[in-house]
Amino acid sequence: MEIAELWDAEPGWLNTASYGLPPRPAWEALQAALSDWRVGATSWEPWDRSTTRARESFARLVGAESENVFVGSTVSAALAPIAAALPDGAKVLTDDVEFTSNVFPWQVHADRGIEVIAVPGDDVVGRITPGIDLVAVSAVQSSTGVVLDLPAVVAASKQIGALVVIDATQAVGWHPITVDGVDALIAHSYKWLMAPRGATLGYLSPRLQERCRPSAAGWYAARDIHGSYYGPVMELDPAARRFDQSPAWFSFVGAAPALELIEEIGVETINQHNLALANEFRAGLGLEPSNSAIVSTRLPGAQEAFAAAGIRAAVRDGKLRASFHIYSTRDDVQQALSALKPLIRG
């Protein structure tokens, strides 16, 4: 089967930065689990095996050991233990258009003197100077599509001993990225990883694990999951799994085959496909090529033109945002450019 045949995308879907479309193996796995659930055909343990598969696949995708990967439901909840571990008066540096799931978890500690310093993205590396305790930025910005110079952020942070926390939700699945030099890398899987919403995966460095309290610990964070249903005896997993939140089974049932398919196709292959389409779209708009699968531009009337042509994209921060993934086609690009042609100045 050809790669394109693994999806049932209707023409004009340019909104993966909002949510991704499930590949057929993920969709079919989810439908099978829902059918079993409807009639009580199985226990939950077969569904939960998908959590282990997703954890291991995510670890391979970002170059981590699976023992340092935890699972959860949202990025903000995953960041909460890290924020709670910051000392009073700590300073957090972020991008001034950072998605708030990587801003609010730090800001809610303002009563402890935690200060969030937001600067333009181009200034982030230069502002990583003594006094900054943690750098919280996205690998790819949701609003602008700008790809972070992660090696530069890591290098500057290492010089002053600052922690590096990366929201990789808009990156993992199409943009090659590893956890080298990073203290936390967290991604929700419902966008470029094409899973149902509700499956978040994250890497925590061993040094950060030691600093954080697993404040959301429950039965699923125990060393022996099935022996920890009841009672006051607590023995948590010694590695990152002690930060696990009890998983939303069906979200992970869909996530595991989606992540494994990304591995099979190859992130580099997906990256080349996505950038080729995004840059063809950019060229049609008269924009310079970029290294992002997200195209963000101010073009008055674009939202209405897309809606009239049946093209599904997004508007973020007052700008049109179109995003291209493995199931996007050149026909999608040409359809979009045709819809915008009356608005494009030659």
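Model, not experiment: these values are computed from the prediction.
- Going from atom CG of Leu285 over to atom CD of Glu280 covers 11.0 Å, rounded to the nearest 0.5 Å.
- For the residue pair Tyr220/Asp48, the side-chain donor-acceptor check at 3.5 Å is satisfied.
- Around the OH atom of Tyr229, the shell of radius 6.0 Å holds more than 12 heavy atoms that belong to other residues, nucleotides or ligands.
- Residue Arg60 qualifies as enclosed at atom CZ: its count of foreign heavy atoms under 6.0 Å is above 12.
- Side-chain contact between Phe70 and Leu204: present, with at least one pair of heavy atoms (C-beta onward) separated by less than 4.5 Å.
- Residue Arg312 places its CZ atom among more than 12 non-hydrogen atoms of other residues, nucleotides or ligands, all under 6.0 Å distant.
- Annotation for Tyr327: atom OH counts as buried by contact number, over 12 foreign heavy atoms lying within 6.0 Å.
- The side-chain hydrogen bond (donor to acceptor under 3.5 Å, both in side chains) test with Ser142 singles out one residue from Arg316, Glu98, Arg321, and that residue is Arg321.
- Around atom CG of Asp122, no more than 12 heavy atoms belonging to other residues, nucleotides or ligands sit under 6.0 Å away.
- Contact detail for Gln209 and Arg242: the closest heavy-atom pair is O-NH2, 3.0 Å.
- Other residues, nucleotides and ligands place more than 12 heavy atoms under 6.0 Å from the CZ atom of Arg53.
- Residues passing the side chain to side chain donor-acceptor pair (under 3.5 Å) test with Arg112 are Asp88, His109, sequence neighbours excluded.
- Looking at heavy atoms from C-beta onward, Ile177 lies in side-chain contact with Leu185 at the 4.5 angstrom threshold.
- Summarising the geometry of Asp332 relative to Trp13, their closest heavy-atom pair is OD1-N, 4.5 Å, with the distance given to 0.1 Å.
- Nearest heavy atoms, Ile294 versus Ala17: CD1-CB, 4.1 Å.
- The aromatic ring centroids of Trp174 and His325 lie 6.0 Å or more from each other.
- Checked by atom type, the side-chain pair Glu45/Ser43 shows a donor-acceptor distance below 3.5 Å.
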Expected list for residues 25-41: side-chain donor-acceptor pairs under 3.5 angstrom, two or more places apart:
from  : atom 1 : to    : atom 2 : distance (Å)
Ser35 : OG     : Gln31 : O      : 3.0

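- Heavy atoms only, all atoms of each residue included: Trp7 and Pro22 are closest at CD1-O, 3.4 Å.
- Between the side chains of Thr169 and Tyr190, no donor-acceptor pair is found at a separation under 3.5 Å.
- No donor-acceptor contact under 3.5 angstrom links the side chains of Asp331 and Thr329, judged on distance only.
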Practice item. Could you give me the CA-CA distance, side-chain angles and deciding distance for Trp44 and Phe250, then say whether ring-ring contact (aromatic ring centres under 6.0 Å, His included) is met? Key: CA-CA 10 Å; Trp44 57 271; Phe250 301 135; over 10 Å; no

Review point. Run the ring-ring contact (aromatic ring centres under 6.0 Å, His included) check on Trp47 and Phe252 step by step: do they pass?
Key: CA-CA 8 Å; Trp47 303 332; Phe252 282 92; over 10 Å; no

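- In summary, the side chains of Ser57 and Glu260 do not present any donor paired with an acceptor at a separation below 3.5 Å, with no hydrogens or angles considered.
- Through ILVMFWY side-chain contacts below 4.5 Å, Val108 is grouped with nothing and stands alone.
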